Amino acid sequence: MSEIAWGIASDKIAIALAVLLITMTMLSAGPLHPIDNLINNAPRPFWDELRLFLILWPDTVASRFVAIPVLAVTALQLAYRHRSWRPIILGAVGVVGMMGLVASMKLFFSRNHPRSFDPAFFGDSGGVSFPSGHGANAILIYGLVLFLIIRYQAARPHIIRRLGFCIVGIALLQSVVSAYLHFHWFTDLATGMIAGGLSLRIVICLDAMIPGGRTTMWWPWYGGSFWSADETRQSPTDAEEARAA
């Protein structure tokens, strides 16, 4: 555990994202309230015509009920193809870790709901607006889907680029819709996406620290060659040591 903690703590991107998360949290507590209020109080054109449609469709794109099944299908398909638990482990650790981070921040800061028109932390209304779980989902869950596809070379480069643009589009769409519907303050959404990015980076670091072949030893189905995509990167001696580990 100490090696894993040190590996994550020494990753420059993870450190930068952690600092950015802390900084954004501090700014959300007061300095950025004028921006939150400006966006929250802006006119909502076509409110009656669009509200129900936005709630039932665009707002659900980054919900866990939609995003997790997409990740589950991707992870299971890659796990079966490569005879490795690694995609399933990475997906589960990423989602659980992100949910734990976001939930703990929501409960600790208890930010008022945008419909209260008061963006203060530790409010009396008992809100859990900050940070946005949908914003974190858009980056972490769909980002994990893209990471697994890239790691296992499951799509061609031009498809991967398009999937990356899709993730950016989902995050922007979710932000606009949530702000329009008074579901989140602007800083809720920005901080949620940063939290999702930090969680994604930690998962990538964990993947780099899991020894090759370790997650294939327990694979009970899909007979044939023992070697998976992880082990093809190793020498025969390394693969034998992985079997014995």
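This structure is a prediction, so every number in the text was calculated from the model and none was measured. Numbers here are sequence positions counted from 1.
Heavy-atom minimum distance, Met98 versus Ala136: SD-CB, 3.7 Å. Heavy-atom minimum distance, Gly30 versus Pro34: O-CD, 4.0 Å. Nearest approach of Leu76 to Ile88, heavy atoms of both residues: CD2-CD1, 3.8 Å. Residues Ser110 and Leu107 approach most closely at OG-O, 3.0 Å, considering heavy atoms. Minimum interatomic distance between Val128 and Lys106 (heavy atoms only, all atoms of both residues): O-NZ, 2.8 Å. Among all heavy-atom pairs drawn from Ala138 and Tyr142, the shortest one is O-CB, 3.4 Å.
Of the possible donor and acceptor atoms, none in the side chain of Asp36 sits under 3.5 Å from a partner among the backbone N and O of Ser28. Side chain of Arg81 to main chain of Ala79: no donor-acceptor pair is present (N/O by atom type, distance under 3.5 Å, no hydrogens or angles).
Residues satisfying the side chain to side chain donor-acceptor pair (under 3.5 Å) test with Asp118, not counting sequence neighbours, are Asn112. Remark: Asp11 engages Arg201 in a side chain to side chain donor-acceptor pair (under 3.5 Å) (not counting sequence neighbours).
Around atom CZ of Arg51, no more than 12 heavy atoms belonging to other residues, nucleotides or ligands sit under 6.0 Å away. Remark: Asn41 CG is packed, more than 12 non-hydrogen atoms of other residues, nucleotides or ligands lying under 6.0 Å away. The neighbour count for Gln153 CD, taken as heavy atoms of other residues, nucleotides or ligands under 6.0 Å away, does not exceed 12.
In this structure, the side chains of Ile8 and Leu206 come closer than 4.5 Å at one or more pairs of heavy atoms. Side-chain atoms of Thr74 and Ile149, non-hydrogen and from C-beta on, do get closer than 4.5 Å to each other. Inter-residue side-chain proximity for Val66 and Asn137 is flagged as unmet; no heavy-atom pair is nearer than 4.5 Å. Here the side chains of Asn37 and Pro119 are in contact, with some heavy-atom distance below 4.5 Å. Put simply, the side chain of Met24 does not reach to within 4.5 Å of the side chain of Pro131, judged on heavy atoms. With contacts defined as side-chain heavy-atom distances shorter than 4.5 Å, the pair Tyr180/Pro45 qualifies.
From Phe186, atom CZ reaches atom OG1 of Thr191 across 8.5 Å, with rounding to the nearest 0.5 Å. Here the straight-line distance linking atom CG of Leu200 with atom CD1 of Ile204 works out to 4.0 Å at 0.5 Å rounding. Here the CZ-CD1 distance, from Arg86 to Ile210, works out to 5.0 Å after rounding to the nearest 0.5 Å. One finds the CZ atom of Arg111 at 11.0 Å from the CZ atom of Phe122 (value rounded to the nearest 0.5 Å). In this structure, CG on Leu27 lies 12.0 Å from CD1 on Ile22, to the nearest 0.5 angstrom. Taking CG from Leu38 and NE2 from His33, the interatomic distance works out to 14.0 Å, rounded to the nearest 0.5 Å.
Taking hydrophobic clusters as Ile, Leu, Val, Met, Phe, Trp and Tyr residues chained together by side-chain heavy-atom distances below 4.5 Å, Trp185 does not share a cluster with Leu21. Under a hydrophobic-cluster definition in which Ile, Leu, Val, Met, Phe, Trp and Tyr are linked whenever side-chain heavy atoms come within less than 4.5 Å, directly or via other members, Ile194 and Val19 are assigned to different clusters. Cluster annotation: Ile139 and Val177 are assigned to distinct hydrophobic clusters (Ile/Leu/Val/Met/Phe/Trp/Tyr, side-chain heavy-atom contacts under 4.5 Å, transitive). A single hydrophobic cluster is seen to contain both Val145 and Tyr152, as judged by linkage of ILVMFWY side chains at heavy-atom distances under 4.5 Å, directly or through other members. Under a hydrophobic clustering in which Ile, Leu, Val, Met, Phe, Trp and Tyr are joined whenever their side-chain heavy atoms come within less than 4.5 Å, directly or via other members, Phe165 and Leu144 fall into different clusters.
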Donor-acceptor list for residues 54-64 side chains, cut-off 3.5 Å, not counting sequence neighbours:
from	atom 1	to	atom 2	distance (Å)
Asp59	OD1	Gln174	NE2	2.9
Thr60	OG1	Trp57	O	2.7
Ser63	OG	Thr60	O	2.7

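Under the 30°/60° scheme for interplanar angles, the aromatic rings of Phe109 and Phe130 are found to stand perpendicular.
Just one residue in the list Leu101, Val95, Val96 forms a side chain to side chain contact (heavy atoms under 4.5 Å, CB included) with Met99, and that residue is Val95.
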### Task
Carefully, step by step, assess Leu148 and Leu71 under the rule side chain to side chain contact (heavy atoms under 4.5 Å, CB included).
CA-CA 9 Å; Leu148 291 175; Leu71 174 60; 4.1 Å; yes

